[in-house]
Structures are given as C-alpha cells and as structure tokens.
**Student:** 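Mind having a look at this structure? Questions to follow.
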Amino acid sequence: MVRADLRNRSASANAGASINGAPAPASAGAVEADRVAPSAVGTSKVDTSKPERHRPALRRSHRRQARTALLYILPAFVFYGLFVAAPWLHSIWISFYDWDGIGPSTWVGLENYVAVLTEPLLQRALLNGLGFIVFYTVLPVGLGLVIAAVIAARQRRGAGILRTILFLPQILPLVAVGVIWRYLYGTDGPINQVLTGAGLGDLTRAWLGDFEWAYFAVGFVGTWVTTGLCTMLLLAGMQKIDPSLYEAARIDRAGAVRQFFHVTLPGLRPEIVIAVTVTIISALASFDVVYVTTGGGPGRTTTVPGVLIYQLVFTSNRVGVACALATVLSALILAIVAVVGRLGKERS
Amino acid sequence: MQRSKFVLSALGAFAVAGLLAGCAPGASSSSSGPREEASKDLGAEEITLSLVSTPESGESTKATIAAFEEQFPNVTVDYTQTNYEDYNKSVNLALSSDESPDIVLLNSVANTVKNDLVLDLDPYAELYDWADVYPSNQLDQWRVAEDGTTLGPGGSLYAAPAGFSIVGLYYNKAIAAKLGITEAPTSLDAFEADLAKAQAAGVLPLQLGNSQGHSSFVVQLMGQAADGAAEAAKWVFGAAGSDFATDGNTVAATKLADWAAKGYIPADANGVDLQGAVDNFVQGEGLFFVDGNWDASKIGDGLGADAGFAPFPGENVTAIGTSVAYAISSKSEHPNAAAAFLDFLNSPEASEQQFAQGFMPVDPSAATPEPGTVKEAIVNAWSQVVESNGLVGFNNNATATMNDTLTAASQELLAAKISPEDFISQVQADWAQTHGQG
C-alpha cells in the first residue's frame, strides 16, 4: 500500500512534467507548473476580477461558468482523492500507531518518528537516497545539456533515431531495467566479459556484490534511465530559444561555448528546474531498480528508503514505522522540490 | 476564494474519511462463531475446501488431492498456488479476509499465530494420534506458546507436516577422488584438511553464493554440530535466555571469515545467488557445497554419479530442516474436513508424492531412491539425522527480520567489514528485539 502510494505520487509528478516539457508556446515556463494545472478554473477567476459591481447578470454567468469548470475537474479530483490523497492521509494516520499489519494496533504518538530519526539503519537509508541525487539528477542533467546541445547544433538525419534511443530507457518498466542490468553486471555478464576481452581481467568483479562498487553500479542505472528524459526536456527547451539571440551573440563574436553559457543555459532555466525536480523525486523514491538488482545489499550499502519501507511492511511487520518513514520521505521530497522551485523562480 | 474553500473542504472531508476508516488500523479480529466439535465424521454433505500453497511446496500436495477425494467422496479440494515471495506477503491478508481459504501453507509462524488467524490443532493431534505418527522434533517447530512468538515443545500445535527439507553437505566425488579423498569428512578438522587439500591442488574448496545470505547455512551447521541440536533449536525457537554467542557459533563465524580470507570460498560470493552457486557447482566448480535437498534433482542430473551428500561434519550429527506444513484458517467453515486432509498428508499415498517431488516423506518407508544416486545419499543422511534427533529449524526463521539481518551481516563478515564477534552480536541483537534479552 505504501509502495503504491509512493509510486502514484511520482507518477503524477511525471505527468505534470510532460505537460510542461512538451515543445509548448515559448511563454509556458516550467516554473509556472503549479499554475498550469488548475487553469480551467484560473481563467474564470481572472475574468470575475474585472469591475463587476454594475453587472450582476454577467457575474452570475461567470459563476455558472466556474461551476461548470468545477464539474469538469470533479471526476479527476474524485479519483485523485480516492487513490492518492486518501491512502496518503491514511498512511500518515497509521504512522502514529504500532501495528503489525493484521492484528490490533496501539497509539504510540511520535514514537515511530523517533525511530525513523534515530535508528542507524533508517538514517543510512535516507543518506543513501540523498546520495542517489548525484546519479539521478546531477549527472543526467549535465550529460543531457551536452547531448542536447550537440543534437541541436547539428540537425542531421539521424537525430530522430538518436532521440528515440536516448528516450528508450524511460519507457521500459523499471523492473525490466533492473533485470537487464543485473545480467549486465553479473559475474559472467557482458561487462566483465568485455573487460576480460580487453585484457583488463583484473578489474572484473561481482559488481552488485562488491562493497565498494555496488552503490555506484546501482546509481549508474539511474543515470542511464534519466539521462534520456533530461535530454528530451532540454532539447525541447533549446528549440524555443529565439534564434536572434544567437545571431546577436555571434555578432559580438561569441564562440559556440560562450553562446552555450550565455544564451542557451539561461534560456533553459525553466526546463532545468523541471528536470531537476522530476529526477530528484525518482532518486529519493527509488525502489524497483535497487530491489531487483541488490535488494539493498551487500550489507546495507544500497539500502534506500523505498526498499526499507518495503521490508518494514512485508518482512518486519512494522507497518507504523514504515508509514512514518514514508511520511518523512514525502516531507523531504516536498521540501527539496519547494527549494528547487523557489531557486528557479528567483533567478528568472 | 470559492475554489480554495472548495478544495479545503474536500481535503477536510478526505481527512475525516481517512481518519474514520483508519481509526486504530486493523480492527480487532472477531472470532467466527462457535467451532464445530473435532470429529473424524465428515458427514455426507458436499464440502469444498480451498487450499493455497506455493509451487515449491505444493506440487506433492496437489498430486495427493485425487487420492484424498477418493477416500472422502463428498469432499472436494480446490488447489491454488502463488510464488514463494508473493505468497508470504499475502497469506496473512488472505487469512484475515472474508474469503479466507480453508487450508494454507505455513512457511513460518511469523505473526500468523499471534493474530489467531489459524486454528489450534491440539484437538486433532489427539484425535488422529499425531504424536505417534511424527517424531517429536518434527512437530515442535509448529508448536507455539501463548505469547505467539516462542516455539517448541510445550506449545500448542498449529500446523501439520507434509514432507521435510534437509540442508547438508554436497560434494563432488570426482574432484574428491583426484585429491585422494575417499569419503565425506565426519569431523570439522577433517573437513578443514580437505578444504586445504583442494586449495593446494588449485580447486575451489567450498562453493558458495551469498547474495541472499546463504552462508548463514554454513555458520548454523558448523555451530550446531558443535553445540548439539537441542541447544541450537532452543535459540531458533526463541526460548527465553538463549544466546547466539555459543562456543560453536563463535568458532563457526570465525572459521567462515577465515575461509573467506584464505580464498576457500569464491571471491565474488556476495554477488552470486543460490541458483548461481548451484550452477557453478554442477559445472565442477568446487569440492563442497552446502545446500538443501530441494536442489537434489538439479545437482544429481548435473553431476550424475559424482554427486555426494552427507550431514555436515562435526561432533553431533545434525541438519537444518523444516517441513512443508499446512494450517487451518480460523475462518474455515469445515475444520473437520480440513483436519482430515492434514491427516491424509502422512498417508503412504501422500508420502510417495512427497518423495517424488524431492522432499523427505512423512512416512520413511516411502523413500525408495535408486541406488547410487545423490537422492539415496540424502535419504541416508536423513535417517542418520532423524535417529540422532538432530533436525533444527532455520536460524533465518528465528524472527521476522532474521533473514534480512543474517543476509546483511554475513555479507559484511565475508567482506571483512565486521569481525566475527560483531556478526554474532548483530544477530543476537535482532533476536533480542523479538524474544527479549536473555
């Protein structure tokens, strides 16, 4: 239940992102993501703010319009409430109980939260999750910028195919991604075979069972998955930058690199904010890939909050603590996303 | 303004709904009316029993149903199965639902008994004389004290066995012969001497896959062979005052770390799972391999006459093992018919199916392996273990979290991230969380 809850939230975040990430009218800044969603209501609201004291008839018609608008979003709202909001609130409620998932429960107040913040294993999981931001966000956005810049600069025939290939990991189910990479990283897997073939047999190892390398190996899968998404977002952003800006820069004798830093990068700020937001969510809420490849091991080196929540519910039967950890994780994600959004707004 | 009010009130409504629905999650389970008196008489009325199991454990049960239905013509058994992982995660929910199955496979006592989801079988054990049918240590694993967590003699019976598993030492006879080893070692010293011999000859001494923590089998077998089965079983059962830090376990953890350091086990053990290790062993990598009878067919098919099996060497003849066991749901409307089916699981017909599927049968006379096969070696080991009353349940089942703890801690032990002492104290700390400080 907790797992489904987590997924739903990241899924809805993804959906939000794709709306804004699509090659939209130049003005549709990603920073305004929060304002785009309720636009159906927003329009009517703007209209009613006109001077209306002397026009009661018009006001009534606008009110009717608003009611119609509400009617339109009602089905979506009901589903959102039933399958996202209600389970979420319910899991917050459970987090105040000591409950094994089946039997009677006892109210324990904030005890589960104390456990989340003091048990070393739970702390470790949170730190591991935060560390994943490097692999899910920093690297993919960096790589995405470079790749998108290269593709945008030289529109050749192969660009479409390249884009498709880059985006492919994004449409694979993450469990399948995990299974594929478990095979690739295997002791006799292709990666070790290539290393042996290249005369680097000393470097071969059980990548997923190695205390030093497992975390990087699993993290890299995240990079592989999210780089395509970031590239697409940034590429779409680049295409809406006014070409005259580049012309002006060229007249000022700015080279390709300077153009990138002074024209492209500032113009991409909204898209970068979206890419960072979406990928940070998938870093902190990661579960599938880790569960399938290492299950959190070796030792506890790759245990992330998602895996721990799963173990707490299904093997430890500590549903209350699991819900507390899920709540802390949601709060953390919301806080980080809020900070990212704020930073994006301030600078633009 | 209007909008935000609407949103707020809607959110409020959901909050209230959530709170009401969740008011003290897991409403107390109500017992389902008066229970029918334990009896062998199943009447003449048509009865349908639903049974849930896993493919690993259930195949022999499924094959037993026809014989059962022949004997009790008015009873039909509906069999369904789910894979092991999903099964363990859903069995309690199934039992507490309104459409609970009548008979369920019980892989561990966990919190199923504590929450009164399955019936106390003592009346049926008396009715069918199970105490005479099964050796005591085969039922003790399914006896649970009133606290719901302590197992072992003295508690009430909650499940009936339907075939047994045994974990011991496989060995490759061809490699052994090359090294001049003519029979399986019977003492730890002889075992270590064989390991050293193998390494000196450039052969991997002990095959092992530890990505799911299976080196804990090696530690347990080495420990209980030194400490004795009775002492080891107490800890697995959660008997008050037990401690994992026994002499046997301390030596075992130290030896395993030592073997890892010496290269007696594969360097990549932490990245290989049990099936990967089986594959490697079958391909001739490794003189010894610790595993259960569930892989006997695969190893027997792969190595043929070269596959050997023996109880793990040590002062006491012991083995790790448990039974496929079935329990009756508290919500079952036909507990008498369900109990008749459980009793049928020790019949010659059922035992035959259990042995055919690779389990040690409840009725030992049904174990008729072909001579010279690894199955024959396993049956011999099984009878030695039964004779010495040396069967101990899995350490991994000592608490709900023990499997995860053993997996993580043993991976750290093999990689020399923790000392053998730390390994033992981590394991005991997990145990103490459930069963209390000694």
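Here is the naming used below: chain letters follow the sequence lines, and residue numbers restart at 1 for every chain.
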**Student:** Please walk me through it: do A/T315 and B/N403 pass side chain to side chain contact (heavy atoms under 4.5 Å, CB included)?
**Tutor:** CA-CA 9 Å; A/T315 56; B/N403 194 45; over 6 Å; no
**Student:** Please look at A/N317 and chain B and tell me whether the side chain, the backbone, both or neither of the residue comes under 4.5 angstrom of a heavy atom of that chain.
**Tutor:**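 Just its side chain gets close to chain B.
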**Student:** For A/T293, what residues pass the side-chain hydrogen bond (donor to acceptor under 3.5 Å, both in side chains) criterion, not counting sequence neighbours?
**Tutor:**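 Scan of A/T293 (side-chain hydrogen bond (donor to acceptor under 3.5 Å, both in side chains), adjacent residues dropped) gives none.
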**Student:** Looking at B/E56, I want to see if its CD is surrounded by more than 12 non-hydrogen atoms of other residues, nucleotides or ligands under 6.0 Å.
**Tutor:**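 It does: B/E56 CD has more than 12 such atoms within range.
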**Student:** Would the number of heavy atoms belonging to other residues, nucleotides or ligands and lying under 6.0 Å from CG of A/D202 be above 12?
**Tutor:**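 Count not over threshold, so no.
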**Student:** Once rounded to the nearest 0.5 Å, what's the spacing between atom OG1 of A/T303 and atom CG of B/D404?
**Tutor:**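 It comes to 9.0 Å.
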**Student:** Among B/T112, B/V272, B/N111, B/N92, single out the residue with the greatest number of heavy-atom pairs under 4.5 Å to chain A.
**Tutor:**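 Of the candidates given, the most pairs with chain A belong to B/N111.
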**Student:** Quick one: pull up OG in A/S316 and CE in B/M402 and give me the separation to the nearest 0.5 Å.
**Tutor:**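 Answer rounded to 0.5 Å: 11.5 Å.
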**Student:** Given heavy-atom pairs under 4.5 angstrom as the criterion, report whether the side chain, backbone, both or neither of B/Q426 touches chain A.
**Tutor:**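 For B/Q426, there is no contact with chain A at all, as no heavy atom is under 4.5 Å.
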**Student:** Is A/R300 close to B/T407 at the side-chain level, that is, under 4.5 Å between some pair of heavy atoms?
**Tutor:**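 B/T407 vs A/R300: side chains apart.
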**Student:** Heavy-atom cut-off 4.5 Å, strictly under: side chain, backbone, both or neither for B/L93 against chain A?
**Tutor:**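 For B/L93, the contact with chain A is made by backbone and side chain together.
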**Student:** Hey, does B/N115 have a side-chain heavy atom less than 4.5 Å from the side chain of A/P104?
**Tutor:**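 Of all side-chain heavy-atom pairs linking B/N115 with A/P104, at least one is under 4.5 Å.
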**Student:** Give me the contact list for residues 205-216 of chain A versus chain B, heavy atoms only, anything under 4.5 Å, ordered by residue number.
**Tutor:**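 Heavy-atom contacts from residues 205-216 of chain A to chain B are A/A206, A/G209, A/F211, A/E212.
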**Student:** Among A/Q311, A/R182, A/R318, which has the most heavy-atom pairs under 4.5 Å with chain B?
**Tutor:**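 Ranked by contacts with chain B, first place is A/Q311.
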**Student:** Let me see the working for B/L95 and A/I102 under side chain to side chain contact (heavy atoms under 4.5 Å, CB included), right down to the final yes or no.
**Tutor:** CA-CA 10 Å; B/L95 281 168; A/I102 293 290; over 6 Å; no
**Student:** Please check if atom NZ in B/K114 has more than 12 non-hydrogen atoms from other residues, nucleotides or ligands closer than 6.0 Å.
**Tutor:**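 Count not over threshold, so no.
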**Student:** At a 4.5 Å cut-off on heavy atoms, which part of B/S96 comes close to chain A: side chain, backbone, both, or neither?
**Tutor:**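 B/S96 touches chain A through side-chain heavy atoms alone.
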